[in-house]
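Below is one structure, written out as structure tokens, with a few remarks after it.
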Amino acid sequence: AQKITQTQPGMFVQEKEAVTLDCTYDTSDPSYGLFWYKQPSSGEMIFLIYQGSYDQQNATEGRYSLNFQKARKSANLVISASQLGDSAMYFCAMREEFGSGNTGKLIFGQGTTLQVKP
Amino acid sequence: DAGVIQSPRHEVTEMGQEVTLRCKPISGHDYLFWYRQTMMQGLELLVYFNNKAVMDDSGMPKDRFSAKMPNASFSTLKIQPSEPRDSAVYFCASSSTGTRPSTDTQYFGPGTRLTVL
């Protein structure tokens, strides 16, 4: 069965420093997508970054980058130059690809709460 | 683009009452998902639609929950009768079938916070 594990319930980082949020996954499907979402205290779910299982390069989106290590089944989120507005809950999610009977639904980890200190 | 729209944003009701949550997906998206978020269970998929047809409702308690998508721009999630354990944040998300299925990102609405007393 598919599973996403985020082992860090809470993290602290100093403003302007970089921080890595861990995510490991388990799947037997050769084709899958990995996502990170941000949930601030206001509650909305904000898409941050995507990595496909066949992508050759690690994904980057502005200050966000995804450290994808396929053999280790890890997809860690790196936030560079942390800002106070980065304080939020961060969720890692995985999706089997559409087709071959896969549902395409997202499986979420339990989340990591990030606090950025001024 | 207005994004995914959900209503109401907050709902407080009493046990046994009927509750209807509404969702308008992003225009042009052909997939619609209903998720529920609780402290204990985290985020879990209840049901999803493709082109208005239910594709997977295995996560939805069918004795009291029902989901419909009468047209491409509107979906409802109904709970009847509601119970205190249904208290949660309910998210609607939508996505589209791209040329590369693996890049189909689900965009979430703001959620409906439901409290059943």
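Everything numeric in this text was worked out from a predicted model, so none of it was measured. In what follows, every chain begins at residue 1, and chains take the letters A, B, ... in the order their sequences are listed. For the numbers below, each heavy atom of this structure counts, side chains included, while hydrogens, waters and symmetry mates do not.
By the rule that hydrophobic residues join a cluster once side-chain heavy atoms approach within less than 4.5 Å of another member, A/Leu48 and A/Val116 end up as members of one cluster. A single hydrophobic cluster is seen to contain both B/Val54 and B/Leu32, as judged by linkage of ILVMFWY side chains at heavy-atom distances under 4.5 Å, directly or through other members. Under the 4.5 Å side-chain heavy-atom criterion for grouping Ile, Leu, Val, Met, Phe, Trp and Tyr, B/Phe33 is not connected to B/Phe65 through any hydrophobic cluster. Follow the hydrophobic side-chain contacts under 4.5 Å out from B/Val4 and you never reach A/Ile46; the two are in separate clusters. Note: the hydrophobic cluster containing B/Phe49 also contains B/Ile79 (ILVMFWY, side chain heavy atoms under 4.5 Å, direct or indirect links).
Contacts from residues 4-16 of chain A to chain B, taken as heavy-atom pairs separated by less than 4.5 Å, involve no residues at all.
Heavy atoms from other residues, nucleotides or ligands lying under 6.0 Å from NZ of B/Lys68 number 12 at most. For CD of B/Glu83, the number of neighbouring non-hydrogen atoms (other residues, nucleotides, ligands) closer than 6.0 Å is greater than 12. With a 6.0 Å radius and a threshold of 12 heavy atoms from other residues, nucleotides or ligands, A/Lys3 has its NZ atom at or below the threshold. Within 6.0 Å of atom CZ in B/Arg64, more than 12 heavy atoms from other residues, nucleotides or ligands are found, so the atom counts as buried in its surroundings.
Distance check: A/Phe35 CZ to B/Thr105 OG1 gives 5.0 Å after rounding to the nearest 0.5 Å. Atom-to-atom distance recorded for A/Glu44:CD and B/Gln6:CD is 11.5 Å, nearest 0.5 angstrom.
Annotation for A/Leu106 and B/Gln106: closest pair CD1-OE1, 3.4 Å, computed over non-hydrogen atoms.
Every ring pair (Phe, Tyr, Trp, His ring centres under 6.0 Å) that A/Tyr25 has, sequence neighbours left out, goes to A/Tyr32.
Counting heavy atoms from C-beta on, the side chains of A/Phe108 and B/Tyr35 come closer than 4.5 Å. By the 4.5 Å heavy-atom criterion applied to side chains, B/Leu43 and A/Met45 are counted as neighbours. Here the side chains of A/Gln39 and B/Phe91 are in contact, with some heavy-atom distance below 4.5 Å.
Of the two parts of B/Glu44, neither the backbone nor the side chain holds a non-hydrogen atom closer than 4.5 Å to a non-hydrogen atom of chain A.
The main-chain N or O of B/Tyr107 is never found under 3.5 Å from a side-chain atom of A/Tyr37 such that the two would form a donor-acceptor pair.
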